[in-house]
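Chain letters run A, B, ... following the sequence lines, proteins first, then strands; residues in each count from 1. Keep in mind it's a predicted model, so treat the numbers as computed, not measured.
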2 protein chains.
Amino acid sequence: MQNESQIKVLLNEQKFRLTNERHLLLKLFSESSRMLTPAQLHELALEHQVKIGLTTVYRLLEVLTKTELATPFLIEGVIYYTFCGCNHHHHLVCLSCHQVLETHQSCPTVEVPEDFRVEHHRLDLYGKCSACQHSIEGGESH
Amino acid sequence: MQNESQIKVLLNEQKFRLTNERHLLLKLFSESSRMLTPAQLHELALEHQVKIGLTTVYRLLEVLTKTELATPFLIEGVIYYTFCGCNHHHHLVCLSCHQVLETHQSCPTVEVPEDFRVEHHRLDLYGKCSACQHSIEGGESH
DNA sequence: TTATCTGCAAAAGGTTTGCAACTGA
DNA sequence: TCAGTTGCAAACCTTTTGCAGATAA
């Protein structure tokens, strides 16, 4: 997992603890290239013999979102989360398999009314990844 | 409301009907400069003596989202919708009062892996509008 | 040592569905 | 005329909460 100690510092700064459960969950979450619903992340944990309650998953995702280590996505009414490491970036999302790629290109410059104070922005590109374009049914699997 | 007949055409194209209820709701929705939750839109309707069921509001928002006449936002775990007219644009969102401004500037160019097919994108800027910067408590009202 | 975290079960909220009556095209 | 829409109530699911026991710092 990228910068484990950095993550711990980020959490501790806000009085969050990196418990054993969170450590294991975080590892699975950060190694997944797909965005996951809380239930899917929970299921992933169980598959890897990480016994953990669904409530704990919700609470971890809340903490990660607050520390900007996770980004929520709303796709067709369903909320997914993706792990986000420590640097600002943009997302490339495959709508079939829900894989999320990061692009670290420069941020777009947008003119805004001068009395509007921009605090942050989000740029997401949606489409189909290579694998899903070529699969007969157009993805959904893997 | 902008381009009422255009909207009707868009809806009819997908076999949706512009009923009296939808017509009234759409008018209120499109005239609101804020993003609204389904419950807030429902409440807004009732305030304007538009008697309508909450279920109908949900169903209209579903239809509008499918025809790209509405865009959903996920802010702190809550789902809001904003009316979106007929042209592609980007959003400027005030996190205090939930006002949404549109900017019609050119779309950012992002290099993506050549095997990824981009279908659409979304660029949203978040911050504080003029009124909310200057109000003592930082907004939430109006 | 103590503020924070965990798991469970229960509660709460938001969203969807089934159905009979209605209505736009 | 009839496919699509409406309102209501019930069903559904996701998310949150309370609490007693555990644990990181």
Q: Please give the angle, rounded to 10 degrees, between the axes at the start and the end of the helix from C:dT1-D:dA25 to C:dA25-D:dT1, where five pairs define each axis.
A: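 One end's axis against the other's: 60°.
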
Q: Whole angstroms only, please: what is the CG-C1' distance between B:L41 and C:dT15?
A: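 Going from CG in B:L41 over to C1' in C:dT15 covers 15 Å.
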
Q: Could you verify whether a donor N or O on one side chain and an acceptor N or O on the other, from B:H91 and A:H121, lie under 3.5 Å apart?
A: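 B:H91 vs A:H121: no donor-acceptor pair found between side chains.
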
Q: Would you mind reporting whether B:L24 and B:I52 have side-chain heavy atoms less than 4.5 Å apart?
A: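 Answer no - side chains too far apart.
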
Q: Walk me through it: do B:M35 and B:Y81 pass the test side chain to side chain contact (heavy atoms under 4.5 Å, CB included)?
A: CA-CA 5 Å; B:M35 57 171 107; B:Y81 293 84; over 6 Å; no

Q: Out of C:dT23, C:dT6, C:dT15, which has the shortest distance to the side chain of B:I79?
A: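 Selected nucleotide (nearest to the side chain): C:dT15.
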
Q: Please report the closest heavy-atom contact between A:I7 and A:F83, naming both atoms and the distance.
A: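 Between these two residues, the closest heavy atoms are CD1-CZ, 3.7 Å.
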
Q: So, is B:Y58 close to the C:dT15 phosphate, meaning a side-chain N or O under 4.0 Å from OP1 or OP2?
A: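 True: B:Y58 side-chain N/O within range (under 4.0 Å) of C:dT15 OP1/OP2.
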
Q: Report the distance from atom CG of B:L74 to atom P of C:dG14, rounded to the nearest whole Å.
A: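 So the CG-P distance, B:L74 to C:dG14, works out to 14 Å.
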
Q: Kindly point out which of C:dT15, C:dG7, C:dG18 is positioned nearest to the side chain of B:P38?
A: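 In terms of side-chain proximity for B:P38, the closest of C:dT15, C:dG7, C:dG18 is C:dT15.
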
Q: Could you check B:N20 against A:R59 and say which one's nearest nucleotide on DNA chain C is further toward the 5' end?
A: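 It is A:R59, whose closest nucleotide lies nearer the 5' terminus.
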
Q: Measure from the side chain of A:F16, starting at C-beta and using heavy atoms only, and say which of C:dG18, C:dG7, C:dC5 lies closest.
A: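 Of C:dG18, C:dG7, C:dC5, C:dC5 is nearest to the side chain of A:F16.
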
Q: Students should find this one: the first and last nucleotides of DNA chain D, 5' to 3', lying under 4.0 Å from a heavy atom of chain A. What are they?
A: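 Going 5' to 3' along DNA chain D, contacts run D:dT14 to D:dA25.
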
Q: Using whole Å, report how far NE2 of B:H23 lies from C1' of C:dT23.
A: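 After rounding, the gap between these two atoms is 16 Å.
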
Q: Testing A:L64, A:V57, A:V63 one by one against A:R22 for a side-chain contact (heavy atoms from CB on, under 4.5 Å), which residue passes?
A: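 So, applying the side-chain contact (heavy atoms from CB on, under 4.5 Å) to A:R22 and each of A:L64, A:V57, A:V63, only A:V63 qualifies.
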
Q: Would one find more than 12 heavy atoms of other residues, nucleotides or ligands at under 6.0 Å from atom CD of A:E119?
A: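 Yes, CD of A:E119 has more than 12 neighbouring heavy atoms, counting only those of other groups under 6.0 Å.
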
Q: Using a 4.0 Å heavy-atom cut-off, does B:R22 contact any base of the nucleic acid, only the sugar-phosphate backbone, or nothing at all?
A: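 Sugar-phosphate contact only - B:R22 comes under 4.0 Å of backbone atoms but never of a base.
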
Q: Is B:K15 near enough to C:dA25 that one of its side-chain N or O atoms lies under 4.0 angstrom from OP1 or OP2?
A: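 No, no such contact exists.
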
Q: Please pick, from C:dG14, C:dT17, C:dG7, the nucleotide with the shortest atom-to-atom distance to any side-chain atom of A:E21.
A: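 Selected nucleotide: C:dG7.
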
Q: Given atom CD1 of B:I52 and atom C1' of C:dC22, what is their separation to the nearest angstrom?
A: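 My rounded result for the distance is 14 Å.
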
Q: Write down the distance between CG (B:L61) and C1' (C:dG14), rounded to a whole number of angstrom.
A: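 Value for this atom pair: 13 Å.
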
Q: Applying side chain to side chain donor-acceptor pair (under 3.5 Å) as the test, list every pair that has at least one member in residues 41-51 of chain A; sequence neighbours left out.
A: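 Qualifying pairs: none.
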
Q: Taking the six-membered ring where the residue is Trp, are the ring centres of B:H98 and B:Y80 under 6.0 Å apart?
A: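 Yes, the ring of B:H98 comes within the 6.0 Å limit of the ring of B:Y80, centre to centre.
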
Q: Please give, in whole Å, the distance from C:dG24 P to B:L24 CG?
A: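 After rounding, the gap between these two atoms is 11 Å.
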
Q: Find the distance A:L54:CG to C:dA10:P and express it as a whole number of Å.
A: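 Those two atoms, CG and P, are 16 Å apart.
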
Q: Once you round to the nearest 0.5 Å, how far does OG of B:S30 lie from CG of B:L28?
A: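 Spacing of OG (B:S30) from CG (B:L28) equals 8.0 Å.
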
Q: Could you give the CG-to-P distance, from B:L60 to C:dT15, as a whole number of Å?
A: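 Atom CG in B:L60 sits about 15 Å away from atom P in C:dT15.
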
Q: Have a look at A:T55 and say if it touches a base, only the backbone sugar-phosphate, or nothing, with a 4.0 Å heavy-atom cut-off.
A: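 Base contact - A:T55 has a heavy atom under 4.0 Å of at least one base atom.
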
Q: Taking all non-hydrogen atoms of both residues, which atom of A:N12 and which atom of A:F16 are closest, and how far apart?
A: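 Scanning both residues completely, I find the closest heavy atoms to be OD1-O, 2.8 Å.
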
